[in-house]
Amino acid sequence: MSERPGPRLRDDLVELTGYHSPQIDVTVRLNTNESPFPPPPEFVTAWHEHLSRVDLNRYPDRAATDLRAALGAFVGHAGINLFCANGSNEVLQTILLAYGGPGRRAMVFEPSYVLHAHIARITGTGLVTGERRADFTLDTEAAAALVAEHEPTVVFLTSPNNPTGLVESEETVTALLEAVTAVGGLLVVDEAYAEFAPWSPIKLVAEDVPVAVVRTYSKVWSLAAARLGFCVGPSWLIGDLDKVVLPYHLSVATQLAGTVALGWRDEMRARVEAIVSERQRMAAALADLDGVDAFPSGANFILFRITKPEPSEDRGGEVWEALLRAGVLVRDFSRWPRLEGCLRVTVGRPDENDAFLGALKEVLA
Ligand SMILES: *Cc1c(COP(=O)(O)O)cnc(C)c1O
């Protein structure tokens, strides 16, 4: 008998460590890639006004019709096929509930967003891990060969990639899509940072192409707390996701947040521009620092490696701790395989970025 009542966790999940990003109370928080700006107050007022007119005793619109129509018109054209959920993580989970499961495989290329592998585990989907080159680019020939060998039903690609910041080229996405199509699979491009990047694979979406592009309100729309994500894809894919997801999973408050926010698209674009310009300023400052190797980024964060005296887990961890003592929280990847000595900093407000750069300079001196 074990000491506690109730069933044991599923055998295949016992070894699983839950996803967590430590939240420490500190003045400058640059560790989870949220927007540093709150949403416009006029948006919050408008959202509340809409909410006050809702019949709370009734279930929400199961198909999120208004939100899908408004979003479709925003990202593409009216009639575009969209699926919305509680954060893009629920979109990813629904995709694996539909196309993964026992006897099927998902494929990831590491290093990348850990939730892809994590959700594969919890949905009982087999996982095939492909490797990236040392500079985090994808060897497309090797990737295509791996796809042909393992015939995964779902292949994940994150572009811009998290935590590296790398934007996949159109040639890479197209080549991988070809390989995935040949084995009857689905290519899922996780585009959580789309708005910060120079190009988007969303233009590849078509009825006869097995590709889904996943996006979120968590980063650019300043709405991480609202939990809203969506994917764009062929109608058969959206139909399958609608079949699998729980009925009424998306609350009225969430649906309204997504629809109403689109009225502030100019403000959103201005914030994206401000963040991209800050990212460029930070990249230039990091390039000037001795003992730091920063990777090019098309997102709202920068991955960098501490290289002096040499790149190591311990040195990365030391710098992370010293930054924390200086009141700046970044994300520590230094003990992750393939990311030895690496830290990731979210682009914040100019004053926060100055605090980070100043603290890093002092720590390295
Ligand atoms: C932040 C992030 C998400 C966002 O997840 P939500 O559930 O929409 O908050 C998705 N994918 C990647 C790669 C991310 O970095």
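Order of listing sets the numbers, starting from 1, for every ligand and every atom in it. Index from 1, following the sequence.
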Considering only NZ, NE, NH1 and NH2 on the basic side and carboxylate oxygens on the acidic side, decide whether K308 and D290 come within less than 4.0 Å. yes
How about F230 and W221: are their ring centroids closer than 6.0 Å? no
F356 meets the ring pair (Phe, Tyr, Trp, His ring centres under 6.0 Å) criterion, sequence neighbours left out, with F304
Report all protein residues having a heavy-atom distance below 4.0 Å to some atom of ligand 1; order the list by chain, then number. G87, S88, N89, Y113, T158, N162, D190, A192, Y193, T216, S218, K219, R227
Is the distance from the ring center of Y193 to that of F301 below 6.0 Å? yes
Set of residues satisfying side-chain contact (heavy atoms from CB on, under 4.5 Å) with respect to S88, sequence neighbours excluded: V214, T216
Can you give each donor-acceptor pair under 3.5 Å made by side-chain atoms of residues 241-248, sequence neighbours left out, with the distance rounded to 0.1 Å?
from : atom 1 : to  : atom 2 : distance (Å)
D242 : OD1    : R68 : NH2    : 2.8
D242 : OD2    : R68 : NH1    : 3.3

